[in-house]
> 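This structure is in structure tokens; I'll ask about it shortly.
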Amino acid sequence: MAATTRPATGITPAELAREVDAVDLDRPLHDAGAALAEIGRLYLRDAVWFHEPTYLAHLNCPVVIPAVQAEAVIAAVNSSLDTWDQSAGGTLIEQRLIDWTAARIGFPAGDGVFTSGGTQSNLQGLLLAREEACARLRGARPDRPRLPELLGGLRVFASDVSHFSVCTSAALLGLGEDAVVEVPTDEHRRMRPDALADALARCAAEGLTPMAVVATAGTTDFGSIDPLTEVAALCAATGTWLHVDAAYGGGLLVAPRRRPLLAGIELADSVTVDFHKTFFQPVSSSALLVRDPASLRHVTFHADYLNPAEPVGLPVPNQVDKSLQTTRRFDALKLWTTLRVMGADAVGELFEQVVDLAAQGWVLLAEDPRLEVVVRPQLSTLVFRYVPARPCPPELVDQLNRHVRAAVAASGQAVLGGTTVDGRAHLKVTLLNPETTIDHLADVFALVRTHAEVFLAGTPGGVPA
Ligand SMILES: *Cc1c(COP(=O)(O)O)cnc(C)c1O
């Protein structure tokens with residue numbers, strides 16, 4: 001595959017499945033060249049290319065070259081970062097990057113570990129929160145209740161536009177389906193501190209225990225950043241663990257101009273950062289950072305063959321003591337190589353560029369009365385929908401916007417995201433490619449208008465645009 005010209009081909013699963021299914025896995029080709037050619041046909045030809053400027057769907061980034069070079073080293077050496085005796089310098093390099101990230105957050109004595117993604121980082125953050133809350137409850141009760149007796153009384157607070165992995169985590173942690181309390185957001189889709197205060201007060205009145213507040217620094221749909229300082233004050237007042245989900249907004253840690261948007265993140269107990277989003281790293285690369293290194297003891301378990309509780313000889317650093325994974329990729333080398341070649345400011349500048357572009361894109365949308373945009377972006381997403389000039393049943397407008405997304409994808413000219421806002425179908429543009437320009441955006445918005453108008457023209461009894 002020498003080059004691509006569009007982010008996707010719009011091929012259907014059925015068409016591609018025919019070719020994939022036709023491969024006989026029990027009849028090898030015995031020829032690497034032929035196997036690569038086959039991969040070209042089955043995968044690369046119709047792959048979805050995040051480096052194409054009109055790929056605008058999800059929080060996927062084009063990757064920086066130094067990280068790709070590091071990937072080759074990672075795969076070839078194949079270190080496993082669970083123990084020192086399987087990684088040596090790899091463990092030290094990961095630990096330096098954890099210290100570096102913690103320092104950027106404002107955790108001077110912080111610690112943490114690389115993870116497979118934001119979902120796993122959030123799970124680990126909430127696991128630590130659960131264990132801390134249960135330890136406190138146990139300490140306060142003479143009957144020293146065991147974990148199962150405590151789980152049902154724990155509550156997690158997150159905004160109504162927080163990531164779904166908060167709910168997944170609550171389920172995995174055994175908290176039950178009522179455990180996550182949705183806190184309403186303001187018109188900018190940021191958690192309302194007054195609503196959080198009310199929710200915490202209700203929790204106390206019902207005799208329940210606030211286990212954690214999850215503040216999102218960059219919501220997946222809107223890029224909105226919850227008011228971290230105010231949320232942290234409420235957590236401090238109620239003794240509640242604060243987890244900041246900065247899977248998306250984490251790139252602000254290196255942003256030369258917009259770092260202040262994360263003010264208050266240093267007040268968190270734990271933080272999720274996805275390097276494979278706003279640090280332009282290949283999947284996977286994420287981390288969980290904690291303010292108090294001792295909190296990681298909740299995931300420390302020992303195995304005689306791996307990390308014995310009583311080591312023979314001198315103690316060695318074993319990252320498995322801090323991780324939910326055992327065998328674990330040396331993903332840290334990608335970020336290390338990126339920082340050594342490009343430097344943090346250059347990475348932050350790439351993120352600043354896409355945030356600037358989102359601001360320009362918002363102006364374009366705001367100029368067109370048919371393109372209704374939900375919020376002025378803090379980061380790099382734009383959520384909007386096409387609204388016909390004449391009054392139209394809301395269901396038809398939903399249908400129209402879903403059609404536009406599908407039609408654009410089928411054309412392969414661009415890939416748009418989609419979401420639901422206040423019950424209504426919307427389109428979404430997620431900007432993470434510094435090579436996307438305002439002209440690309442203008443072209444994509446024109447494509448949206450064209451497909452919307454075609455839809456309206458073809459709707460029986462349709463409403464003219
Ligand atoms: C992407 C995202 C996650 C999940 O991260 P993965 O790396 O996809 O597992 C969590 N929270 C937010 C806010 C995200 O945008």
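When reading the values below, keep in mind they use all heavy atoms of this one structure, side chains included, and skip hydrogens, waters and symmetry mates. For ligands, and for the atoms within them, numbers begin at 1 and follow the listed sequence.
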> Is it the case that ligand 1 has an N or O less than 3.5 angstrom from some N or O of Thr219?
no

> Would you check if the distance from the ring center of Phe351 to the ring center of Phe280 is below 6.0 Å?
no

> Taking distance alone, with no angle check, do Tyr248 and ligand 1 share an N/O pair under 3.5 Å?
no

> Purely on distance, is any nitrogen or oxygen of Thr216 under 3.5 Å from one on ligand 1?
no

> Walk me through whether Asp274 and Ser286 qualify under side-chain hydrogen bond (donor to acceptor under 3.5 Å, both in side chains).
CA-CA 4 Å; Asp274 259 5; Ser286 176; 2.7 Å; yes

> Can you tell me which portion of Asp245 lies within the under-4.0 Å heavy-atom range of ligand 1? Options are side chain, backbone, both, or neither.
side chain

> Scan Asn318, Val320, Asn307 and name whichever one has a side-chain contact (heavy atoms from CB on, under 4.5 Å) with Trp84.
Asn318

> Using distance alone, determine whether Gly118 and ligand 1 share an N or O pair under 3.5 Å.
yes

> Give yes or no for whether the N/O distance cutoff of 3.5 Å, strictly under, is met between Asp274 and ligand 1.
yes

> Is the distance between the ring centroids of Phe114 and Phe330 under 6.0 Å?
no

> Can Gly218 be said to touch ligand 1, with heavy atoms closer than 4.0 Å?
yes

> Within 45° of the ring axis of Tyr386 and under 6.0 Å from its six-membered ring centre, is that where the NZ or CZ of Arg370 lies?
no

> Taking heavy atoms and a distance under 4.0 Å, where does Leu59 meet ligand 1: side chain, backbone, both or neither?
side chain

> In this structure, does ligand 1 have an atom that sits under 4.0 Å from one of the heavy atoms of Gln120?
no

